[in-house]
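Some notes on the structure that comes next.
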Amino acid sequence: MRSPSALPYGVLRFDPTGRRHLFVCDRPTARVPVGDVPATFDSWTVTGDAPENGSFGRKFQSSEHLLEALSEKLSKARVGLRVYAAGSESFLVEIARITDRYGLCAQEAAFEEPMDGAVPVLCIHCKTRFACETGAFATCPGCGRHLEVRTHFSRREGAYMGVAEPQAAAS
Amino acid sequence: MNTGWDAIVERVERPSPRLLQIDVRTQGATFPPVSPGSHAVLAFGDASHRWKNAYSIVARSDDGRCLRFVVRLATPSRGGSRFLHDLATAGMSLRVASITNLFPIVHTARRHVMVSAGVGITPFLAYCASFQAEGSDYALHHVCRPDELDAFAALLPGGVRDRTTFHTRRDAFDLKTFLVEEPIAARLYTCGPDAFVAAVTDAATSVGFARAKIHVERFAAPETGRAFTVELARSGRRIAVEAEQSLLEALEAANVDAPSLCRGGACGQCAVAVCAGTPDHRDHFLTAAEREAGNVILTCVSRAISDTLVLDL
């Protein structure tokens, strides 16, 4: 069961009250929002090194490039924009950090259920961020500590907190 | 629980024939810190009639002993604003019955846009003072009659005039032209008569403002209506509600302990269960389903369709 503090994931639907619509995703297999496709609709996709795979709209070689472009766009955006995001949870939480920074509310920024099981974790000891594929424990790739991945999601940090129990701390 | 503050009028100024600025000084405990957007219910009157009306708090003195209000002579008036305009003078006793904020600033917003009409500017006078002090990004659009522009401009706190646009011709006030240029981070606040607030809300949503970013305060004074009778189920008392009187006012006049807070149909605190009869809902609080069910009523603004309304009081 997903933590109640997680992002409000759900089925993406075009919001008819929006005036411009942007769909961002970290893989070409992500589905666009359901509903009538609005006239002013743009799509940004992370395609990596394989841009010629049939995805439409603007293509990015990496998530970092897409996030940078999104930050630039939102810094100048006017009212009426709606952002829809699909991909891994790590990708979605970074999108959320940017939309939060520029003041978008829940109606203006929507998030699909994560498309894979990896969750973003922040090691509270060395501040390393990494994706954790499994369960409640992980080894920090930064400091080597054995971490318990807490169930509380920090939207501000965009990650679940990884905390080393004293008896499990690396020597 | 605080039951209000005995107070007196300390000072009265008349920026225009229809605007009254009134400073009220407590005769006992200091007023609590007041956040912008707060309103107070003032109880005042004379031997023949008592009023309890809600007014936005424009400012609170640093020592906490004075509150400032601006009262517009309402047309038509149920008498309260006329009483104050005609008779408020330094030394007049009144009571600050309660202080509440149902219209607070969203402090996490990066830009604030306010749109008001007439005396609806009053909560924004407090807002703007706060924005100026904090260096926030904001803009105020105010619709008023041409002959009142100078009076409203004189009410603005220091530095606010440069951020304010006055619109003196409502038919030429194309709000969409302004709103469509707002950054996505902007929050919109509007205050004024029902029809004005509805028009602003419609204009904002038409250019894509998210509904959660539109913040509304309505100056909904109880409307007059057909006289009816209210029966109190627990005691069997029957009380006449006159045409010019709200249901809440009739209950209070009969010394019934009826709850209330905003007195404008917005907060729901005056909700009372209906045992029999058909309510005439005029509030902004109940859902459509609650109205349809007809088993609760907001006594401050709503009335009755039936000749008699039986309440669980």
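This is a predicted model, so every value here is computed, not measured. Every heavy atom of this structure was used, including side-chain atoms; hydrogens, water molecules and symmetry mates were not. Below, chain A is the first sequence line, B the second, and so on; all start at residue 1.
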Exercise. Can you say whether R82(A) sits under 4.5 Å from chain B via the side chain, the backbone, both, or neither, judging by heavy atoms?
Worked result: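 It is the side chain, since no backbone atom gets that close.
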Exercise. Between D116(A) and S88(A), do the side chains contain an N or O donor and an N or O acceptor separated by less than 3.5 Å?
Worked result: no
Problem set entry | Heavy-atom pair of closest approach, residues F130(A) and A138(A) |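 Looks like CE1-CB, 3.8 Å.
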For this session: Report, as yes or no, whether the 6.0 Å neighbourhood of atom CD on E134(B) holds more than 12 heavy atoms from other residues, nucleotides or ligands.
Result: yes
For this session: Examine whether an atom of A210(B) lies under 4.5 Å from a heavy atom of chain A, and if so say whether it belongs to the side chain, the backbone or both; otherwise answer neither.
Result: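 When you check distances to chain A, atoms from both the backbone and side chain of A210(B) fall under 4.5 Å.
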Exercise. Which bit of R211(B) is near chain A, if near means a heavy-atom gap under 4.5 Å: side chain, backbone, both or neither?
Worked result: both
Exercise. Do the non-hydrogen side-chain atoms of S71(A) and Y102(A) ever get within less than 4.5 Å of each other?
Worked result: yes
